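Computed from a predicted structure; not experimentally measured. What's counted below: heavy atoms across the whole structure, side chains too, no hydrogens, waters or symmetry copies.
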Amino acid sequence: MTSPAFTYNQVSGDRYCQDGTSSSKTLDLLKNVGVLPLDQFAFDGCFCGRMPNQNDLLRAQTFKIKGWSSFDATNIDL
């Protein structure tokens, strides 16, 4: 399972976990930076200010997506 904190903390910029994020910005992060598994970047629902260090970012490159295209979030059957 991927770490929601790894993406949320970087995309939202909200240290206190109150704001939403953009799907496209999150997908861009997955494409350009990657993501870490949950056991390598813990989730804390009360503090979202932890940012990945250089070592985290290097390890995340292993877990990049090749790309993404637009999708219809209202159509859950796809």
Quick check on K25: does its NZ atom have over 12 non-hydrogen neighbours (other residues, nucleotides or ligands) under 6.0 Å away? no

Using side-chain hydrogen bond (donor to acceptor under 3.5 Å, both in side chains) as the criterion, list what pairs up with S22, not counting sequence neighbours. S24

N32 (side chain) donor-acceptor with L29 (main chain) under 3.5 angstrom: no

List the atom pairs, donor and acceptor, that lie under 3.5 Å between side-chain atoms in residues 34-51 and the rest of the protein, sequence neighbours left out.
{"unit_1": "Q40", "atom_1": "OE1", "unit_2": "R59", "atom_2": "NE", "d": "3.0"}
{"unit_1": "Q40", "atom_1": "OE1", "unit_2": "R59", "atom_2": "NH2", "d": "3.4"}
{"unit_1": "D44", "atom_1": "OD1", "unit_2": "C46", "atom_2": "N", "d": "2.9"}
{"unit_1": "D44", "atom_1": "OD1", "unit_2": "F47", "atom_2": "N", "d": "3.4"}

Could you list the residues that satisfy side-chain hydrogen bond (donor to acceptor under 3.5 Å, both in side chains) with T2, not counting sequence neighbours? none

Could you list the residues that satisfy side-chain hydrogen bond (donor to acceptor under 3.5 Å, both in side chains) with D28, not counting sequence neighbours? W68

With sequence neighbours left out, write down each residue that passes side-chain hydrogen bond (donor to acceptor under 3.5 Å, both in side chains) with T74, or none if nothing qualifies. D72

Tell me which pairs pass salt bridge (charged side-chain N to carboxylate O under 4.0 Å, His left out) where either residue lies in residues 9-23, with sequence neighbours left out. none

Derivation of the side-chain contact (heavy atoms from CB on, under 4.5 Å) call for L57 and F6: CA-CA 10 Å; L57 294 172; F6 187 88; 4.1 Å; yes

Common cluster, Y8/L27, ILVMFWY with side-chain heavy-atom separation under 4.5 Å: no

